[in-house]
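Beneath this line is the structure, given in structure tokens, with notes to follow.
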2 protein chains.
Amino acid sequence: MVTSRRGSAPPKAAEAPGLRERNKQEKLERIREAARELFASKGFAETTTREIAERAGVGTGTLFLYARTKEELLMLVLAEKVEAVQEERFRTLPTRAPLLEQLLHVFEGFFRLYAKDPALARMFIREALFMEPGPAGERLQLERAFAARLAGLVAAARERGEVAGDVDLEMAGFNFFSLYLTTLMGWLSGALGPGDSWRPVLERSFALQLKGLGPGAGTSGGNRRRRS
Amino acid sequence: MVTSRRGSAPPKAAEAPGLRERNKQEKLERIREAARELFASKGFAETTTREIAERAGVGTGTLFLYARTKEELLMLVLAEKVEAVQEERFRTLPTRAPLLEQLLHVFEGFFRLYAKDPALARMFIREALFMEPGPAGERLQLERAFAARLAGLVAAARERGEVAGDVDLEMAGFNFFSLYLTTLMGWLSGALGPGDSWRPVLERSFALQLKGLGPGAGTSGGNRRRRS
DNA sequence: GCTCAAAAATGAGTATGCTCAGAAAAATGG
DNA sequence: CCATTTTTCTGAGCATACTCATTTTTGAGC
């Protein structure tokens, strides 16, 4: 038998970290942390990749083994948090509340996250929307999965009788996602007026999607106005 | 009075080209043309600013007096065309057709334009959405103006009785713009399946916005289904 | 025409994202 | 324990977007 100096942990196939893999994970974490700190303190454009490498204690070239571009470093930093927020929001969903309220509950999480550093968030959204898909088409998967979850909310609302039986669930999910995304971009660009709140805008946008434009609809939202 | 050598054209305040202004316009046009040709033949990333400068017959530094960044060169090339398409589409609007048809008429123009070079179009949309506003906030103005025109279409439809009297016109314009934008981005990213058509997607998305989700709505689109 | 101030153009220089040939480190095998 | 192969790391170097001190051009007053 080969002498293994620290015999305590023979590598098992199922969960064999292996020195190599462990080092890689550690390095990735150091890079992530360095990027997070620098982006937060100096901003994205003002941070150089060399700084990040130095702070993470790796060579400048090494950085680009873990992220193909500077923008991917930003993804590394934020994608994690976005996913966490998504999970948390669906976990704490008020399952008995009306659809509109549920949707606002979900999206509020994202707005709150992005509010912490709107400039950085803006860069992140820009990248998330337009990044070239890697070997696997990761980027699209995430959006699709999210739209599907929204469709799930609509499906549940249909069960409750809040929604007509013949609506296309996938399309409904897509539409809500779309309205959210555009509102978010406008908000991050300061187009809603500086410091203005996203909430009433998103709420009215969603309400209009729920109610529709047709003259047949009418009373769903509450206040109707006189025809001129 | 000052001696003006070619006395035929004393500079008038209203429309005084002036040698300076004329040269500037000419140079801008040369730059625009050079950028257009190179972007079209080699792609955006593969084209260097030096190439554009050389082809336009100006110094490399001069380029950045006319466009602050390489991306603004792309705006220079495409914004013009987008505006032209917008005008043309509203001019040829089928004023008696239903709202859905009118909307598709307008947006078809954009999709057709972008279809000529989807990769370039993608870069353009990316820039148009996320460019820092210059001294004046040009970028936002354009989108607002466009959304306002859409709101105008909805207003006209309301006159015709196609749309309920109590809908928020501005919000309706915003929602249609939003649905268009997201569909466009998905299409340009190839998320609708490669070579797939944008039309049915956009049509269904708009139809859902017109009809709404509520169980009260029903008959607007035509075919209604029984509740299960 | 000549002089001079203002505007515009220039291209050598700078900063920085990213590459790649070679070095170092880890696994593998005897 | 050493030899060999495979994987990972590295930083000098490259490409190129953009800057800025200097030069050139324009137009007005005399």
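Every chain is numbered from 1 and lettered A, B, ... according to where its sequence line falls, protein lines coming before strand lines. Since this is a predicted model, take the numbers as computed values, not measurements.
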Review point. Under the 6.0 Å and 45° cation-pi test, does A:R149 pair with A:F90?
Key: yes
Check your understanding: Would a distance-only check, ignoring hydrogens and angles, find a side-chain to backbone donor-acceptor pair under 3.5 Å from B:T62 to B:V58?
Key -> no
Practice item. Give a yes or no on whether the backbone of B:T95 and the side-chain of B:Q102 come within a donor-acceptor separation of less than 3.5 Å. Key: yes
Among the nucleotides [options], which one has an atom lying closest to any side-chain atom of [X]?
| X | options | answer |
| --- | --- | --- |
| A:L65 | D:dC9, C:dG17, C:dC18 | D:dC9 |
| B:T62 | D:dC9, C:dT10, C:dC18 | C:dT10 |
| B:T49 | C:dT19, D:dA17, C:dA26 | D:dA17 |
| B:V58 | D:dT26, C:dT10, C:dT19 | C:dT10 |

Study note, to complete from the structure: Closest to the 5' end of DNA chain C, once A:G61 and B:R50 are matched to their nearest nucleotides, is B:R50
Practice item. Measure up the A:F39 and A:F44 rings against each other and bin them: parallel (under 30°), tilted (30 to 60°), perpendicular (over 60°). Key: tilted
[N] OP1/OP2 closer than 4.0 Å to side-chain N/O of [X]:
| X | N | value |
| --- | --- | --- |
| B:K27 | C:dA9 | yes |
| A:N23 | D:dT8 | no |
| B:K70 | D:dT16 | no |
| A:Y66 | D:dC9 | yes |

Exercise for review: Find the distance A:I52:CD1 to C:dC18:P and express it as a whole number of Å.
Suggested key: 11 Å
Practice item. Calculate the interatomic distance between A:L28 atom CG and D:dC9 atom C1'; express it in whole Å. Key: 15 Å
Exercise for review: Go through the N and O atoms of the side chain of A:T60 and the base of D:dG11, and report whether any donor-acceptor pair is under 3.5 Å.
Suggested key: yes
